[in-house]
Amino acid sequence: MLLDLPSTREESWRWGDPAAIAAAAGLPRGEALAGAWFLDLEGARAVFVDGVLDEGRSDLRHVAIAPLEGGEHVLGRRTTGNGWSLRVDANASAELIQIVHISTGGDNQLPAEIVLAGGAQASVVETYVGTGWSNRSTRITLGAGAKLTRAVRLLQASGFVSLRDEAEVGAGASLIVTVLGAGDAGTRIDGAITVSGDDAFAEYGGALLTRNAQKQECALSVRHAALNGQSKQIWRAVAADTSTASLAARVEVARDAQKTDGVQSLRGLLLKRTATVNLKPELEIFADDVKCAHGATVGELDQRALFYMQSRGIPHAKAQALLTRAFVGDAFAQIADETVRDAFVADADAWLEAALSAPLPLAGGAGGGASS
Amino acid sequence: MLKIENLHAEIDGKEILKGLSLTANAGEVHAIMGPNGAGKSTLGYVLGGRPGYEVTSGSVTFDGVDLLELEAHERAAAGVFLGFQYPVEIPGVSNVQFLREALNAQRATRDEKALSGGEFLKLARAQADLLGMDYDMLKRPVNVGFSGGEKKRNEMVQMGIVNPKFAILDETDSGLDIDALRVVGDGINRIMRAPDKAVLLITHYQRLLDYVEPDFVHVLADGRIVRSGGKELAQQLESEGYVGIAA
Ligand SMILES: Nc1ncnc2c1ncn2[C@@H]1O[C@H](COP(=O)(O)OP(=O)(O)O)[C@@H](O)[C@H]1O
Ligand SMILES: [Mg+2]
């Protein structure tokens, strides 16, 4: 298969891994994974197997399947075709929507749109499992005062997942997106958020957990184009073994976007010195009355805290896991729904147990004791 | 219970403990006093198994077991408790979670059954009450935003919860006002004064020893015990200073 993929010579793909995308697309198709991927929550459900709706396992309710545009983005445009669409009328509240993407191999493309009219509300949880290359584009339009929360769990065991998100956040609207990369697939997240109405709020953050030789990256930009906007980009990257996690996050404040309040916090944690975390925070501010707090740091676990915990009886691997969980937890704080937040924490815990305890001889002791 | 023989230890290639010997039997409280930089905290860290503190010769036997062969968490499970001179802050991990993990990890290492959440909370609440620590502080992240005195109190609450056989308390009295000193002193007596337990009490001041009466007092200077005696030695140090005595 010939793929027209971006080159790492392009600045925005500097840390990208197009070769991993090509390799994932070349994986043979197989059986769809079985598993209980839905969270125990009421609402609409959709299962896509290799990008195709599995009607038997879906209960779409207010979600429609429709021809959609994937936009101009180099990966996003490949998704143009049939996808899922959520449109919510003014002041209406949609039930929770859960979408499970099962990829069995090869490549699959799926576009999506979420359009909330003024005052409408919706909440979406997406889970990615399986293997192969899953490529997605999601276009989000929030009318005045609309509220969307979206939580994305990337749990593919191999292959590659690429997400292209484009969002317009209208006056007084609120967009909260949280992404967790806790599978073993390569990841590329491309986000372009425009805060286009006054007094709007946009939060786009999450955690990328990488191990072995895995690479995950996020390239995000939030553009403030209106008055009094608030945005938050809170990202945590944890890298083990020889893996690489990369975050390039940008805040752009247009000339007339006065009183913008932007928070950007990018933090990386190296579980091994052979791992890499790349952070690229960027602020581009053309307005003069703006508050933008930002921080970007990469470090290792606090050795003093580790010894303190060990001296109280906690084995080394468990102490590492507890400290790492606390580190990652900052990125999930904005998830309002307890069930969803618990699922994120559980996914991260499972990752930690595998990444930290497994290679250690003390696995039995380290895994002991329920942690809730 | 604890027998330290001719212990030499270094940090970054620099020898700090230079042939330290000390024996503490069950039922005894030993005070260790000495000038700044003598190696008191180093002794505590070496006994606790802190990475980077390398023992180059000598031995430490605890209840007949080679303590130096155990990993730090195994020492805790064996009944050794190290009260830190500077307790560490752990953002994002609550005291309750930390202590429950700690206690249950110790119990797991000893092949004992884990305590349930309810059982643990009852125990933690009781110990916090006894040490006059507000129950709400148990829910806060470990030592984050605690005053110096609150951190030391928290060390004692932790000691009460894990109920060790042997405690090394490194300047637990520093940073305490006179009321807190009495509460902490009472706590040490209540938790550790027992025929089958022993304490190494590292301190600069006589005042803690008014509450926790030592059976023996040792002067540690330049990495060695240079003098040992009864509790009257502490009074002598208080009035005369280390200079003449340690020489
Ligand atoms: N991490 C370290 N690296 C190098 N030297 C150290 C380190 N920690 C302590 N020391 C040195 O070891 C000696 C003993 O320190 P310490 O045990 O803290 O003394 P005390 O507790 O008796 O005041 C001091 O000279 C101190 O400077
Ligand atoms: Mg000291």
Side-chain angles (χ1 to χ4, degrees), chain A residues 207 234 236 238 265 267 269 273 295 297 299-334 341-342 344-346 348-349 352-353 356-357 360-372, chain B residues 44-45 47-53 70-84 86-95 97-117 120 141-144 151 154-155 158-159 161-162 164 168 170:
Chain A
I234 296 176
R236 299 292 176 260
V238 179
S265 162
R267 290 179 62 197
L269 178 62
R273 296 216 168 140
T297 56
E300 295 176 85
L301 287 174
D302 178 355
Q303 294 300 321
R304 292 171 320 133
L306 274 177
F307 174 62
Y308 190 59
M309 297 175 101
Q310 286 173 268
S311 80
R312 295 292 177 263
I314 301 175
H316 187 256
K318 182 86 182 183
Q320 283 186 310
L322 287 169
L323 291 178
T324 310
R325 177 209 266 170
F327 175 84
V328 169
D330 292 350
F332 303 154
Q334 76 275 14
R341 197 171 55 237
D342 287 351
F344 272 61
V345 171
D349 280 357
L352 287 172
E353 245 164 58
L356 291 170
S357 313
L360 290 159
L362 284 166
S371 49
S372 60
Chain B
Y45 287 142
L47 296 178
R50 181 168 178 171
Y53 288 68
L70 302 182
E71 294 197 45
H73 74 276
E74 295 170 329
R75 299 181 195 197
V80 176
F81 179 87
L82 175 60
F84 282 57
Y86 303 107
V88 181
E89 300 187 4
I90 312 180
V93 179
S94 77
N95 246 324
Q97 186 192 19
F98 170 55
L99 285 166
R100 187 171 165 217
E101 292 288 352
L103 182 61
N104 281 336
Q106 289 197 20
R107 295 176 67 93
T109 308
R110 294 192 297 256
D111 282 327
E112 294 168 11
K113 198 165 122 302
L115 289 194
S116 72
F120 173 78
V142 180
N143 291 324
V144 177
K151 287 179 181 169
N154 194 21
E155 292 292 282
Q158 296 183 24
M159 185 168 79
I161 289 171
V162 298
I168 305 135
D170 191 356

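So that the names make sense, note that chain A is the first sequence line, chain B the second, and so on, each numbered from 1. Since the structure is predicted, the reported quantities are computational estimates derived from the model, not experimental observations.
Between B/A72 and A/F307, the closest heavy-atom pair is CB-CE1, 4.1 Å. B/A76 and A/S311 make their closest contact through CB-O, 3.4 Å (heavy atoms, listed as atom of the first residue, atom of the second, distance). The heavy-atom pair separating A/R312 from B/F84 by the smallest distance is NH2-CD1, 3.8 Å. In terms of heavy atoms, B/A105 sits closest to A/G313 at CB-O, 3.2 Å. Pairing each heavy atom of B/H73 with each of A/H316, the nearest pair is ND1-N, 4.5 Å.
Checked against the 6.0 Å centroid threshold, B/F98 and A/Y308 count as a close aromatic pair.
When heavy atoms are compared at a cutoff of 4.5 Å, B/L82 approaches chain A by way of both its backbone and its side chain. In this structure, chain A has no heavy atom under 4.5 Å from any part of B/P164. With a 4.5 angstrom heavy-atom cutoff, B/R75 does not touch chain A via any of its atoms.
Chosen from B/R107, B/Q106, B/M159, the residue pairing most often with chain A at heavy-atom distances under 4.5 Å is B/Q106.
Rounded to the nearest 0.5 angstrom, B/Q97 CD and A/R325 CZ are separated by 5.0 Å. How far CD1 of A/I314 is from CZ of B/R100: 12.0 Å, rounded to the nearest 0.5 Å. Rounding to the nearest 0.5 angstrom, the gap separating the CD atom in B/E71 from the CD atom in A/Q310 is 7.5 Å.
When the side-chain contact (heavy atoms from CB on, under 4.5 Å) test is applied to A/D302, the partners found at least two apart in sequence or on another chain are A/R304, A/A305, B/V88.
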*Check the pair B/E101, A/K318 against side-chain contact (heavy atoms from CB on, under 4.5 Å), reporting the backbone distance first and the verdict last.*
CA-CA 9 Å; B/E101 292 288 352; A/K318 182 86 182 183; 3.0 Å; yes
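Heavy atoms from other residues, nucleotides or ligands lying under 6.0 Å from CZ of B/F120 number more than 12.
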